[in-house]
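Heavy-atom basis, side chains included; hydrogens, waters and symmetry copies ignored. Worth saying up front: this structure is predicted, and the values here are computed from it rather than measured.
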Amino acid sequence: AAGDVTAAGLRSAGHPLLGAAVELAGADRTVFVGSLSVAAHPWLADHAVHGTVLVPGAALVELALRAGDEVGCGRVEELTLQAPLVLPASGAVQIQVAVGEADDAGRRTVEIHSRAEQDAAGTTWSCHALGALTAPQAHPAPAALPDLWPPQDAQALDVDGFYADLADRGYAYGPAFQGLRRAWRRGDDVFAEVALPDTALDTADSFGLHPALLDAALQSMNFTSTDAGSGTRLPFAWADVALHAVGAVAVRVRVAPDGRGGVAVELFDEVGLPVASVGSLALREVSREQLAAASAGGEDALFGVEWVPVVGGAEAGPVAVVGAGGSYADVDALLASGDDVPGTVVWECGPADDGAVPEAVRSRLAEVLGVVRRWVGEERLAGSRLVVVTRGAVSVSAGELVEVGSAPVWGLVRVAQAEYPGRFVLADLPVGAGLDVLTAGLVADEPQLAVRDGVVRVPRLTRAEVPASEGPAFGDGPVLVTGASGALGSVVARHLVVAHGVRELVLLSRRGLAAAGMAELSRELSDQGAAVEVVACDAADRDALAEALRDRRLTGVVHVAGVLDDGVLDALDESRFDTVLRPKVDAAWNLHELTRDMDLSAFVLFSSAAGVFGNAGQANYASANVFLDALAQTRRAEGLPGLSLAWGLWAGAESAMTAGLGAADQKRIARLGAEALSEAEGLALLDRALGAGGGAGTDGLLVPVRLNLPALRGRPEETPALLRALVPARVRRHAAAGAAREGGPGLAEQLAGMNEGRRAAHLLALVRTEVAAVLGHRSAATVEPERAFKDLGFDSLTAVELRNRLHGASGLKLAATVVFDHPTSADLARHLRTQIPDLPAAGPEWLLGELDRIEQALADVDPNDEQSAGIQQRLAALAARFEAAARPAEAEEVADQIDAATDDEIFAFIDNELG
């Protein structure tokens, strides 16, 4: 990268932060690359905010200016910062500055991305800034400063202790960024002198404008009327930035209001000639928690669900409708009819009961669970998919009411889709619409869809665009927290007091002060100035909750309570559903009804990503959490505050819901592309969500989850449809199985060219490879063929995962109990062989192919190698054995007679044969 030109088309960027540039083939685009670290650029370590080392916004502007100058667009028309660029204490981050094609006006886009250098192989790039570049000559430079300096009538400002005051507000600036020398104010304008400290002088000539010098110039904004004088604010949006002279080490600064809530900044050299100008600069508040989240990548961990339109797809083929209005009363009637079962069967879930919502939820789930179990338990249905139809059970757009009694069906069926891939489709139709509107959805070939106004829409996870805080999320009054005795509930309660200034807390738990740690938590929060009341109450008991809320006027509700009772669909029953539904569905509905007439500023529900993704083995939990999501969406549609946070796993706040996760569970979650959120990151994400007034997002649902997108891209399975906006949809071949995952030969085709011994070995290798993947082992060699799956650590959930992986690798329809029916790798491999009964016997074609391989290998063998003699002996022995096996039986008999005959008998035989 340091050379002028390389074979790859790289050229030196001639910049201390950018190592090289490359012009992309076939397009008028250029990408500049570099590497940043505190070791290579020690002056960057002096720019820390709330204890986190950040690349200053001034450096990002410098990068954009230099990249633009290289392509003739050296003026930054606009540059908006997307996320802080955090530098690690050790190691480096790679950066890219991408400049797009010029439009008709000569304007080009610019983007700045980074990723951790040690995770460079496939790691997702994080976007830090987006903007546009224009030609510098299109904008005139500012006029020179008047000769009189400092300006007449300007009042001198005290700069002693300036950096100590900044430190109290979170700005931990080291020597390289302590460049402010003097300052004055005249009206709304501020004037300053700044100089590059000695520690940064040796690099000044390498920059157009040293970032430390520009940053010091911006520090004078702390004396303007636009600065609140407290809190921590960082540059956010730049406009009309131009460089008029290079190599400055000291400048005079003028800062003035820009009329839009920001400031305009002009820099001049010591004789008053322009050095740089910023037409407009806006700042935004940043908290310690946000920076902690950014340092862990938290800026990329908040998502929403967007319903996007889709078109196209293959023909749906024959379709049968069962249930109300269909040709068959139910699935059993379809089977009893003797008719061929088509590839698609449509069944509509019945409408929710008119009674109480919690009971309606249980009724719907019991009905759907029965149908799902019947569907997967019948061999004749193995080649068909069941389309489960609901009405108004999902919110496709903001403001759309949700039928909350039916919404949990989506959680249950999402789990069925995970446990039985390819067997189920979810479809939501408008209330009153005929099933004919479903036709377009069936050809979309999507696992989940909704039809609205004739348009088929499908869910996609997208990064959430959360607006900046508009004020405190909680009003001046009591805030109720359920599940406060749990680890996560106590973390949230502390955070509300410390970070959000809540001064009245009502902590709800079933055991009240008798719960472990509750008395200590109450004392701790009281010592921090909060009035805390602990109430023993089961929120799922409506009468008990009504009594607990009597004469209270809450200003906020945070519902954290929840329990787990995991199991695959075959293992769940009504009781296990009820265990999980009570603290989620019943309690949330009671809170909704009993507080809806209160003037709440926030109604926050702690949901789970299990409902959004459909985690295998959590049908009851997923159903309960989808109810919370739907409730928040409906509340917002009714004009009430509502926010459901579908959390991923928290690592730092272990509770009854996560403490039971063993090493295998954690490896399984990691393979699915999910990682645990640290406590700091989780709280920072909570703040981001609450920053929009307690109901961020378009419809009241946000998904704070740490996704490992490189791991998702590296999975051999097809990309889940929900993630296709984040991870390209593609199919990848599994290395060991060699199945048709990317259009290659299927398993039967591969086995057809092998003899039975090779077939058995191939199937055993396939099974052992998939077992190792499920258990998180690095190599299939660790899986003993005759060792029982149970002894290897398998449970019902890992058994489902192995069945699904084998299905994906082989294309075979395998029973849900296949792992338990064939409890070792060797047994399972033998079973797979029985599922492909019509393989041809391995004939001469196969053997000739093997001989071709041997012949090719022999061509690379040195005849003089010490092992070549042994190879020749083995080949000769094989040839002799084959020749002997090929002799006719009569010839073999004659040879045996000759071996046993005397000399006289042999001569007599010759005389007789020759006459």
Side-chain angles (χ1 to χ4, degrees), residues 312-350 367-390 409-410 412-429 434-451 456 458 568-570 614 616 619 717-718 720-721 731 739-741 746-748 800 803-818 835-837:
E315 292 295 328
V319 177
V321 179
V322 301
S327 302
Y328 309 92
D330 51 30
V331 173
D332 286 330
L334 170 62
L335 294 171
S337 69
D339 297 339
D340 291 337
V341 179
T344 300
V345 177
V346 175
W347 172 73
E348 182 170 352
C349 174
E367 178 189 27
V368 176
L369 181 62
V371 171
V372 166
R373 282 179 169 169
R374 183 72 180 96
W375 187 262
V376 298
E378 175 56 52
E379 183 64 28
R380 287 178 57 194
L381 301 173
S384 300
R385 59 176 181 168
L386 180 67
V387 181
V388 179
V389 176
T390 58
V409 169
W410 277 63
L412 190 158
V413 179
R414 281 170 178 159
V415 173
Q417 290 175 330
E419 295 187 16
Y420 299 90
R423 301 295 307 280
F424 297 97
V425 174
L426 273 165
D428 192 75
L429 305 181
L435 287 177
D436 58 299
V437 303
L438 184 58
T439 303
L442 295 181
V443 301
D445 194 26
E446 289 273 346
Q448 301 172 33
L449 60 98
V451 181
V456 179
V458 298
V568 295
L569 283 165
D570 287 340
E717 297 85 0
E718 186 176 0
V731 181
R741 280 181 169 149
L747 182 61
V800 166
R803 187 275 310 270
N804 291 345
R805 291 184 67 93
L806 288 173
H807 165 71
S810 68
L812 298 173
K813 299 292 185 182
L814 302 172
T817 58
V818 68
Q835 301 305 297
I836 314 176

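One finds the CG atom of D339 at 7.0 Å from the CG atom of L334 (value rounded to the nearest 0.5 Å). The structure places CG of L806 at 6.5 Å from CG of L814, a figure rounded to the nearest 0.5 Å. Note that CG of L438 is 5.5 Å distant from CG of L429, once rounded to the nearest 0.5 Å. Distance NZ/K813 to CD/Q835: 12.5 Å, rounded to 0.5 Å.
V415 has its side chain out of reach of F424: every pair of non-hydrogen atoms, C-beta onward, lies at least 4.5 Å apart. Taking the side chain as every heavy atom from C-beta outward, V345 and W375 approach each other to under 4.5 Å. Counting heavy atoms from C-beta outward, V331 and L381 have side chains that approach closer than 4.5 Å. Between L335 and R374, the closest side-chain pair of non-hydrogen atoms falls below 4.5 Å. L386 places a side-chain heavy atom less than 4.5 Å from the side chain of V371. V456 has its side chain out of reach of V443: every pair of non-hydrogen atoms, C-beta onward, lies at least 4.5 Å apart.
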(request) Begin with the C-alpha distance, continue with both residues' side-chain angles, and end with the deciding distance and a verdict on side chain to side chain contact (heavy atoms under 4.5 Å, CB included) for Y420 and L569. (result) CA-CA 10 Å; Y420 299 90; L569 283 165; 4.2 Å; yes
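With respect to P447, the side chain to side chain contact (heavy atoms under 4.5 Å, CB included) criterion is satisfied by exactly one of R414, R423, R385, Q417: Q417. Between W347 and the choices V389, V321, V368, D330, the side chain to side chain contact (heavy atoms under 4.5 Å, CB included) rule is met once, by V368.
Shortest non-hydrogen contact noted between A418 and N804 is O-ND2, 2.9 Å. Summarising the geometry of L812 relative to H807, their closest heavy-atom pair is O-ND1, 2.8 Å, with the distance given to 0.1 Å. Closest non-hydrogen pair, G441 versus L449, comes out as O-CD2, 3.3 Å.
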